[in-house]
Each structure stands twice: as C-alpha cells, then as structure tokens.
Trainee: 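Below you'll find the structure I mean.
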Amino acid sequence: MAPMKTLLPPIEIAREADGATLLCLARRDVPRCAGWVSCAGGQLLQRRGQGGLAGMAADLFSEGPAGIDPLAWRRELEQDAITVDVQAAPGEWIGRLGCLSEDLPLAADRLAALLAGPALDADRWKQIVRRYRGSMTEQLAQPTTMIRQLPPRQVLGPDHPNAQVPHAKVVAGHRHADAAAMARAAFQRRGPVLAAIGGDVSADDGFDLLRTLTALVAPADAPLPPEPPPIPSAADVWAMDLPKTTQAFVALSRAGVRAGDPDRVALRLAVRILGGGLTSRLMRRVRGEMGQTYGIHAILPEQPALTPFTVQTYTRLDNLPRMLELIDATLAEAADEGFTDEEADTARRHLHGSLPLGLTSPSAVLGYVTDAMRAGLTLDEIEADWRAILLTDADAIGAAARRLIGDGRFHLAVIGPAESVLPAVAQRGTVAKFRFRDPPDRWPG
Amino acid sequence: MRFIVAADHACPVAAVGLWAMAGVPDEPEDRRGIAHLFEHMMFRGSANVGPQEHSRRIEALGGKYNAGTGIDATVYYDTVPSEAVEEVFRLEADRFRHLALTGENLDVERKVVLEELHVYENQPMVKAMRQIHRRIGQGHPYGLDPLGRAEDLENTTRDDLEAFYRTCYRPERVFGVVAGDVTGEQVREQAERHFGDWQAEAEQAPAEPVGPFRPLTGELALRVPFQVPLIAAVHRLAPPAQTDRAALKVLARLIAQGRTSLIREALVERTHLCVQAGALMIEGRHGGALVTFGAFLPPGSFARRRRVLREVCGRLAANGPDPDRLARCVKQARSGRADEQYDPQRRMFQLGVAETLTGDWRTYENELDELAKVTPDRVRALAAELFAADSTLELDVTPERMRWWMWPVGIASKLWRR
C-alpha cells in the first residue's frame with residue numbers, strides 16, 4: 001500500500017443550528033459502533049479539595065436513570081454487551097455508548113434515557129465513596145503513582161483544577177449534594193457541544209442518533225468558571241519522606257502549555273527528542289549509557305487548562321546526586337545548543353509515521369478529532385499539523401525546547417527516605433519536607 | 001520457522017511479533033530472571049546493527065516497538081506503516097540470528113534490569129503480589145515471575161547469556177505473527193529471504209521436563225504490603241491441553257466480567273461486603289491458576305466474605321449457569337472480538353498467546369464458534385473440578401500495616417458515624 005497522503009479517513013460533519021458539531025465516521029466491515037456526546041467541564045470544574053469529585057460525579061451519573069433499579073439497569077446493559085456511561089475527562093463531560101451494531105438503537109435509547117434523567121441516588125453514592133476510598137488507598141501507596149500527583153500541585157498551586165489529588169482522605173469527605181449538583185449541570189451548553197459516532201452505521205442514521213442525544217443538552221445556567229492563575233510553590237524542592245524504599249522517585253517540573261498552543265508541533269517534537277522513547281536524549285544518557293534507571297520520560301500533556309512540563313524518573317538512592325546532575329546537564333545542553341539535524345529528522349519521521357498507527361478504529365480517530373476540536377482546531381488544521389511535522393526544522397524544535405526549559409529552574413519533587421534524599425537535594429534551593437502519607441491539605445504551599 | 005498471518009487491509013498498518021519460546025521454565029534455577037535480562041540485551045546491538053540502533057531505525061520508519069517476557073515466551077514486536085514491514089523482517093532477523101553479546105553491554109543492561117526489579121519491589125502492591133505468588137508456587141518455576149531474583153541477575157555472566165541464546169533462540173523455538181495490511185504471499189517471501197536459511201548451530205540437548213504447576217491448596221493467612229485487606233481463592237488450572245478452554249473462558253466471564261457478574265454482584269453490588277471483587281487468570285503451558293478475590297475496607301470479617309465467595313462458586317459447580325447468563329458471555333465475547341479487529345497489534349498478541357499456550361493459533365480464530373457450543377453442563381463440570389476443595393487455596397490477606405487494635409477502633413468510629 002502507498003504511504004498515506006492524509007492523516008484522517010473521510011469524516012462527515014454536520015453543524016447544527018443549536019451550535020452542536022456532529023461527526024460520523026462509517027466503517028462497515030466491523031460490526032461495532034461507538035459514539036458520544038461531550039460538553040465542556042469535567043475535571044476543569046474541580047477546585048481546592050475536590051480531587052476525584054468530577055470522576056465520582058460521573059460514576060454517580062452512570063448508575064442509571066431515575067426510577068430504575070441501578071443493578072437491574074446494569075444487568076440489562078451487560079446482558080446485551082452494551083456500554084453506556086458518563087466520564088469526567090480533563091476538559092469535558094462525555095456521555096458514551098459502545099455496542100455491537102445490531103444493538104445500536106437500543107444503546108442509543110439507553111444513553112438518551114440516562115442523559116435525560118439520571119437517578120443520582122444518595123444510596124449509591126455511599127458505595128461510590130467506598131470504592132474510591134479503597135482504590136485510592138491502594139493506588140496512592142505506590143510511589144510511581146504518587147510522584148505523578150506532585151508536579152501539578154507544585155507548579156500550578158492548590159486551587160488549580162489540574163492540581164487536585166483524589167487522595168483517600170479527600171474523596172471520603174466529598175458530599176453527595178456536591179456530586180449530584182455537578183452531575184446535574186454536566187450536560188449543558190457551556191462551550192462547544194461535540195458529538196461523534198463511528199463504526200458500522202450510515203451517516204444518516206448516525207446523525208439522526210446524535211441529534212437525539214444533543215437535543216438533551218440543556219442551555220447553560222452559568223458559564224464555565226475562569227481558570228485560576230497558577231501559583232507555584234514557594235519551596236524549590238518537595239521531599240516526600242518514604243522510609244525503607246530503596247530508590248528515589250523524581251519529578252522535575254515547570255509550567256507547560258494548554259491544548260491548541262501555537263507552537264504545539266515543535267513542542268511535541270522537542271519533548272519527543274528530550275524524553276519520548278528509548279532513543280531520546282535522556283533515555284540514551286541516563287539509561288543507555290549509565291544504566292542509572294529503567295525509565296526516564298519527558299511529559300507535556302495538552303489539555304484545556306494549563307499543565308506542567310515534567311521530567312520523571314527513579315534511581316537507586318546512592319545514585320540520586322549523579323542522576324540529577326546528568327538530567328540538569330542534558331536539559332541545559334538542549335536549551336543552549338538545541339538538537340542535531342539527525343535527532344530532528346528521526347523525531348519528525350517517528351511522530352509523522354506513528355500518529356496514524358494509533359488511529360485504526362473509528363473511536364480512536366473521532367476521539368483524536370474531538371480533542372483537537374475542543375482545543376479550537378478544525379479538520380483542516382489537524383491535517384496541517386500532521387504535515388507540519390515534516391516541515392519543522394531543528395531550529396524551531398530547539399526554540400520550543402528553550403521555551404520549555406527556560407532558565408533551567410525546575411521545581412523538584414523527590415520521594416524516598418528523607419535521610420538519604422535530603423543531602424542530595426539540599427543545594428537546589430528551599431526544601432520542604434513532608435510525609436508520604438500526608439493528605440494534600442498538609443502538602444507544602 | 002513458522003509464520004502466522006492475519007491479513008486485514010482496512011488501515012495501512014501492520015504488527016509484526018517474533019515469539020521465542022524462552023520463559024521462566026527455561027531458566028537455570030540459579031539464574032532466575034535471565035530470560036528477561038536477555039530480552040533487554042536484544043536491544044543492545046547485533047552483527048550489523050549498533051546498540052539501540054534497532055529502536056532508532058524503527059522510530060525513523062514511523063513505527064513503535066517493544067518486547068515483553070512472559071512465563072513461557074518472550075515476544076519482540078514492531079507496529080509500523082505497512083510499507084515498512086520488510087525492514088522489520090531485516091532488523092528482527094539480524095538480532096535473532098546474529099546478536100552481539102558483550103560484557104560491557106551486559107554491565108550497563110544489568111543495572112537497568114535491577115532498577116526495573118527494584119521499582120516493582122518498591123511498589124507495595126506489586127511486592128505483595130510477588131510475595132503471594134512465591135508463597136503459593138511451591139517451588140515450581142512459575143512460582144517466580146519473569147523479573148527473577150536480584151542475586152541471580154548480579155551473578156549472570158556473558159557466558160550464561162550465550163548459553164541461553166543458543167538454547168532458546170533457535171528456529172524451531174521461534175515463530176512469527178504478522179497482522180494487518182500484509183498478504184500471506186508477501187510474508188512468505190520476506191520470511192524466506194530473511195529467515196529461510198536460519199539453522200541452529202548444534203543439536204539441542206533434550207530439555208528437562210517441567211512438571212505441572214500445582215499451587216498450594218488448603219487455607220492460608222498472609223500479611224503483605226497491600227493497603228486494604230482481601231480474601232482470595234486460588235483454583236488450580238490444568239495445562240491447556242487437559243482443560244475445556246472454551247468452558248473456562250465462559251466461566252471466567254460469568255464470575256468476573258462486568259459489575260453484575262456473579263462474584264461482583266454477590267460481594268460488591270448487592271451486599272456491599274467488598275469495594276472491589278473479580279478474578280484473574282494465570283495461564284501457562286504447564287498449568288496455571290484462576291484467582292478470585294474481594295477487597296474490603298476494614299473493619300470486616302474475612303470469614304463472612306469467604307463464605308459468600310465460596311457460596312457463589314459452589315452454586316455454579318452444583319447448578320451450572322442459567323442460559324441467559326451463558327448467552328450474555330457469548331455476546332460479550334463477540335463484542336470484544338469485534339473490537340480486536342480494529343487493532344492489528346492486539347490480534348497479533350492474541351494469536352501469539354494462543355500459539356504459545358496451545359500450540360495452535362486456530363484456537364483463537366475458532367474461539368467464538370467454540371464458545372457458542374458451550375453448554376451449562378460443561379461449565380458446571382468445569383466449575384465442579386476447579387472449585388473443589390482439593391484444588392483450591394483459600395487465602396486471607398491482611399495489610400502489613402494493619403494492627404489488631406485498628407479493628408475495634410474502626411468499628412467504634414463506624415458506629416459513631418451512624
């Protein structure tokens with residue numbers, strides 16, 4: 001087969017009078033359908049102390065429509081191998097369906113019934129809280145999970161929606177009334193309404209179904225609250241004391257970007273070269289040449305609200321000073337000297353070639369497109385971004401790296417035994433020490 | 001050397017997997033973890049390709065790659081735009097046939113693998129699962145996962161790796177799976193070109209027979225680094241050739257697929273005794289285990305939860321499933337299979353796992369037909385065998401951090417909240 005000329009297969013689009021955008025991607029060889037309707041909100045609405053609340057509100061929503069026993073509702077769905085639920089994504093609420101194509105009308109009816117009148121039952125809320133408590137107690141006891149929670153809080157501050165931590169003690173305090181209020185206001189026109197369906201369905205049928213679903217989206221009773229400004233921590237280093245562990249878990253972070261950033265293509269390439277795979281600079285130097293870690297990654301999420309740019313890794317305790325030196329030197333070199341033409345060429349070809357590899361199902365394609373549309377891009381701009389990958393030169397990628405690395409002053413978070421970690425980080429500025437099991441309200445300011 | 005091809009031209013993408021029958025039963029007793037360490041060395045260069053060059057070349061093709069060591073086999077896989085499949089064959093053939101094992105590379109890669117082992121051991125959940133696994137494994141090779149032991153990895157030499165390479169990376173022990181935008185003819189031609197004259201250097205000495213995996217039975221209470229208590233039941237699985245695998249797939253779905261599956265409904269949704277419940281299956285060529293579990297927030301009685309779990313399994317063993325539930329499992333399987341059709345890499349994996357476990361990839365291709373033939377009676381018979389007391393271990397798992405006085409304090413605070 002010849003190389004691809006476009007990133008996306010043909011997608012049909014309808015723009016409705018009420019402002020909703022409908023997308024349909026038919027693929028008739030596989031007897032499945034997946035679709036959704038999405039409205040701005042989700043985790044964006046979480047504020048200080050509300051970690052996990054949006055997800056719990058979505059779970060409460062997913063318990064079923066009013067007047068139907070939740071367990072009977074769930075049994076019916078599973079009997080027909082239908083998925084119907086609501087999710088809280090970083091920037092949106094998503095009401096989803098997935099089914100064999102023979103059951104599409106049934107699945108659409110069930111999603112419509114759910115969106116039209118969720119039960120939001122207080123009895124089910126108790127079970128959701130217990131489930132989250134159990135799950136978060138276990139998950140946040142893992143240092144590799146905990147280290148991911150620290151950079152957003154360090155860089156963005158305790159009020160930012162992307163810095164809310166679903167700690168067990170936090171979720172235990174959430175109230176049914178707050179979750180129910182959040183859920184009731186989820187499907188409102190507080191921004192673009194996007195709806196998509198893909199798979200074994202015709203465009204006509206798909207659009208009819210999406211129109212039925214988007215008709216259930218209510219007018220907004222209030223606009224989305226503005227994103228709070230980031231308030232970085234006053235402490236340069238957060239040292240989270242975890243006795244008895246044999247490694248230090250490390251995250252260096254600075255303010256990153258929002259989705260739709262004008263430099264997004266060059267930024268993706270810079271992140272790829274710095275820490276995006278086995279051949280990245282950080283991986284080559286820290287793992288490949290020195291064997292100091294199993295994995296080191298540069299991470300730059302693109303979401304509606306600001307996220308941190310993070311370099312994340314771990315190493316044995318006695319190696320921590322050497323590893324930090326090596327990371328500092330690698331980042332400084334990238335900011336000062338940029339990247340080689342060979343690095344730029346490999347990154348361009350990899351990013352350009354690998355993007356379509358993840359877009360093999362209609363829901364993957366439509367998910368990619370609706371994420372980009374939520375960031376304000378059109379289909380043409382998505383295609384242009386893909387072509388721009390091959391046209392971005394090493395200078396532009398170097399400039400993007402300089403923007404990310406800035407003056408090289410990163411916040412540092414380290415998890416490990418304090419007596420081993422503190423001497424290694426003492427020279428990096430003000431250090432705030434706290435305990436691994438401290439809930440987020442006791443984390444440093 | 002055999003190749004399995006699943007052609008599908010819907011997207012210009014192909015997934016290539018090379019499966020070496022090199023797993024934990026092939027490791028010398030004092031070199032546990034060598035299969036996984038060897039997997040890492042496969043990225044360290046070969047006669048014609050420098051260290052990390054394989055990765056760089058696949059990336060430059062716009063592809064993705066990785067490898068994984070399982071209990072019976074190690075798989076190396078590359079997902080690429082379909083026009084790049086020939087280059088994948090060239091690169092894979094080069095490292096499978098002409099790997100460069102140097103002491104210098106071993107020294108660095110050993111550090112990497114030890115870091116990997118330690119990062120898992122520093123996660124309380126993984127550490128707990130490894131402790132349980134070892135305790136119930138009764139000295140069988142499957143009782144220790146492919147991460148192996150730190151002291152064995154530290155003692156592994158270049159000669160050990162060379163011996164492992166000669167023993168396990170031979171044409172008769174390697175097969176390929178290609179799924180996606182390729183044709184059978186194209187794969188045949190490229191396989192012939194790059195692997196056609198691959199001959200093992202010497203006759204292989206017969207391997208020591210590995211007995212069936214027979215996890216511990218009876219009752220056991222353990223303290224491990226989980227954060228919440230849980231009950232579990234470990235049920236012995238016979239090797240795949242001796243198991244009604246279609247009935248097993250149905251049974252696994254019946255008990256644990258979805259929130260209204262038998263176990264989750266009984267322990268979580270109806271009684272609220274647990275916050276999470278389900279099942280996981282460890283399957284290998286030499287047997288395995290079906291593990292059912294329920295995790296709960298303290299305080300609470302192990303015995304009560306264990307009784308409910310035992311009753312659910314007992315009812316299935318006595319009466320079999322009702323026809324509606326059986327039909328639901330088959331439909332869920334159809335839906336899942338349809339979803340797999342979109343993804344060449346998933347198909348490649350499923351075919352490779354079927355070939356590894358049963359020696360016949362067709363067990364995956366024919367699975368939906370086989371599931372449709374499963375009767376309530378077959379499920380009942382299998383359940384009776386699996387859930388029998390003499391093939392079951394009942395396990396109470398208490399978090400290490402939990403102390404006896406926490407239980408009355410927990411009960412008191414619960415009453416106070418009411």
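Residue numbers begin at 1 in each chain, while the letters A, B, ... track the order of the sequences.
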Trainee: Regarding D343(B) and T360(A), do their side chains bring together a donor and an acceptor under 3.5 Å, going by distance alone?
Mentor: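 T360(A) and D343(B) do not have a side-chain donor-acceptor pair below 3.5 Å.
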Trainee: With side chains defined as the heavy atoms from C-beta onward, is the minimum distance between R264(B) and R74(A) less than 4.5 Å?
Mentor: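 Contact flag for R264(B)/R74(A) side chains = no.
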Trainee: Does any donor atom in the side chain of E116(B) or Y294(A) lie under 3.5 Å from an acceptor atom in the other side chain?
Mentor: yes
Trainee: Report the option among V182(B), L61(B), V80(B) that has the most heavy-atom pairs separated by less than 4.5 Å from atoms of chain A.
Mentor: V80(B)
Trainee: Among E115(B), R337(B), R325(B), who wins on heavy-atom pairs under 4.5 Å with chain A?
Mentor: E115(B)
Trainee: What I'd like to find out is whether the side chain of K331(B) reaches to under 4.5 Å of the side chain of D103(A), using heavy atoms alone.
Mentor: yes
Trainee: Does R130(A) reach the main-chain N or O of H272(B) with its side chain, forming a donor-acceptor pair under 3.5 Å?
Mentor: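 Yes: the side chain of R130(A) pairs with the backbone of H272(B).
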Trainee: When you check the side-chain N and O atoms of Q332(B) and E78(A), is any donor under 3.5 Å from an acceptor?
Mentor: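 No - no donor-acceptor pair under 3.5 Å links their side chains.
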Trainee: Taking all heavy atoms of R259(B) and all of R124(A), pick out the closest pair and write down the distance.
Mentor: NH2-NH2, 3.3 Å
Trainee: With only heavy atoms counted, which part of Q345(B) is less than 4.5 Å from chain A, the side chain, the backbone, both or neither?
Mentor: neither
Trainee: Is E343(A) in contact with chain B via its backbone, its side chain, both, or neither, using a 4.5 Å heavy-atom distance?
Mentor: neither
Trainee: Is E269(B) close to R75(A) at the side-chain level, that is, under 4.5 Å between some pair of heavy atoms?
Mentor: no
Trainee: Check whether D324(B) gets within reach of chain A through its side chain, its backbone, both or neither, counting any heavy atom under 4.5 Å.
Mentor: both
Trainee: Please report the interatomic distance OG(S335(B)) to CD(E102(A)), rounded to the nearest 0.5 Å.
Mentor: 9.0 Å
Trainee: Using a 4.5 angstrom heavy-atom cutoff, name the option from N319(A), L71(A), T145(A) with the most pairs to chain B.
Mentor: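 Looking at each of N319(A), L71(A), T145(A) in turn, L71(A) comes out on top.
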Trainee: Looking only at non-hydrogen atoms, find the nearest pair between P143(A) and P124(B) and report the distance.
Mentor: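 Of all heavy-atom pairs spanning P143(A) and P124(B), the closest is CD-CD, 3.9 Å.
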Trainee: Less than 4.5 Å apart, any side-chain heavy atom of Y342(B) and any of R32(A)?
Mentor: yes
Trainee: Side chain, backbone, both or neither: which part of E342(A) has a non-hydrogen atom closer than 4.5 Å to chain B?
Mentor: side chain
Trainee: Enter the distance from T260(B):OG1 to L77(A):CG here, rounded to the nearest 0.5 Å.
Mentor: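 Spacing of OG1 (T260(B)) from CG (L77(A)) equals 8.5 Å.
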Trainee: Based on non-hydrogen pairs under 4.5 Å, which of Q276(B), Q52(B), R270(B), R334(B) is most in contact with chain A?
Mentor: R334(B)
Trainee: Look up atom CZ in R328(B) and atom CD in Q79(A), then write down how far apart they are to the nearest 0.5 Å.
Mentor: 6.0 Å
Trainee: What part of Q139(A) is in contact with chain B, defined as an atom under 4.5 angstrom from a non-hydrogen atom: side chain, backbone, both or neither?
Mentor: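 When you check distances to chain B, no heavy atom of Q139(A) falls under 4.5 Å.
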Trainee: Can you say whether Y132(A) sits under 4.5 Å from chain B via the side chain, the backbone, both, or neither, judging by heavy atoms?
Mentor: neither
Trainee: Taking C-beta and beyond as the side chain, do K127(B) and Q142(A) meet within less than 4.5 Å on heavy atoms?
Mentor: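 No, too far: nothing below the 4.5 Å cut-off.
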Trainee: So what's closer than 4.5 Å to chain A heavy atoms on R44(B): side chain, backbone, both or neither?
Mentor: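 Contact with chain A involves the side chain of R44(B) alone.
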Trainee: Just to verify, what does E59(B) make a side-chain hydrogen bond (donor to acceptor under 3.5 Å, both in side chains) with, not counting sequence neighbours?
Mentor: R272(A), T279(A), Y65(B)
Trainee: Please determine, by modelled atom types, if T246(A) and E121(B) share a side-chain donor-acceptor pair under 3.5 angstrom.
Mentor: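 The criterion, which ignores hydrogens and geometry beyond distance, is not satisfied for E121(B) and T246(A).
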Trainee: With only heavy atoms counted, which part of V113(B) is less than 4.5 Å from chain A, the side chain, the backbone, both or neither?
Mentor: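 For V113(B), neither part sits under 4.5 Å from chain A.
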Trainee: Measure R284(A) against the heavy atoms of chain B and call it side chain, backbone, both or neither at under 4.5 Å.
Mentor: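 Neither the backbone nor the side chain of R284(A) comes within 4.5 Å of chain B.
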Trainee: What part of A338(B) gets within 4.5 angstrom of chain A, counting heavy atoms only: side chain, backbone, both, or neither?
Mentor: both
Trainee: Of all heavy-atom pairs between G63(B) and L357(A), which one has the smallest distance, and what is that distance?
Mentor: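 The answer is CA-CD1, 3.9 Å.
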Trainee: Applying side-chain contact (heavy atoms from CB on, under 4.5 Å), run through R133(A) and V275(B) and close with a yes or a no.
Mentor: CA-CA 9 Å; R133(A) 274 179 58 207; V275(B) 291; over 6 Å; no
Trainee: Is D339(B) close to chain A through its backbone or its side chain, or both, or neither, when contacts mean heavy atoms under 4.5 Å?
Mentor: both
Trainee: State whether the number of non-hydrogen atoms from other residues, nucleotides or ligands found under 6.0 Å of R435(A) atom CZ is greater than 12.
Mentor: no
Trainee: State, with a plain yes or no, whether a side-chain heavy atom of N122(B) is found less than 4.5 Å away from one of Y314(A).
Mentor: no
Trainee: Specify the closest pair of heavy atoms between V13(B) and P356(A), including all atoms of both residues, with the distance to one decimal.
Mentor: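 Minimum heavy-atom contact is CG2-O, 4.4 Å.
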Trainee: Q341(B) versus P31(A): any side-chain heavy-atom pair under 4.5 Å?
Mentor: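 A side-chain contact under 4.5 Å exists here.
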Trainee: Examine whether an atom of T315(A) lies under 4.5 Å from a heavy atom of chain B, and if so say whether it belongs to the side chain, the backbone or both; otherwise answer neither.
Mentor: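 Looking at T315(A), backbone and side chain both touch chain B.
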Trainee: Against chain A, work out which of H118(B), K111(B), Q227(B) has the most heavy-atom pairs shorter than 4.5 Å and name it.
Mentor: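 Top count of heavy-atom pairs under 4.5 Å with chain A: Q227(B).
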Trainee: Flag the pair M290(A) / V108(B) as yes when at least one side-chain heavy-atom distance between them is below 4.5 Å, and no otherwise.
Mentor: no
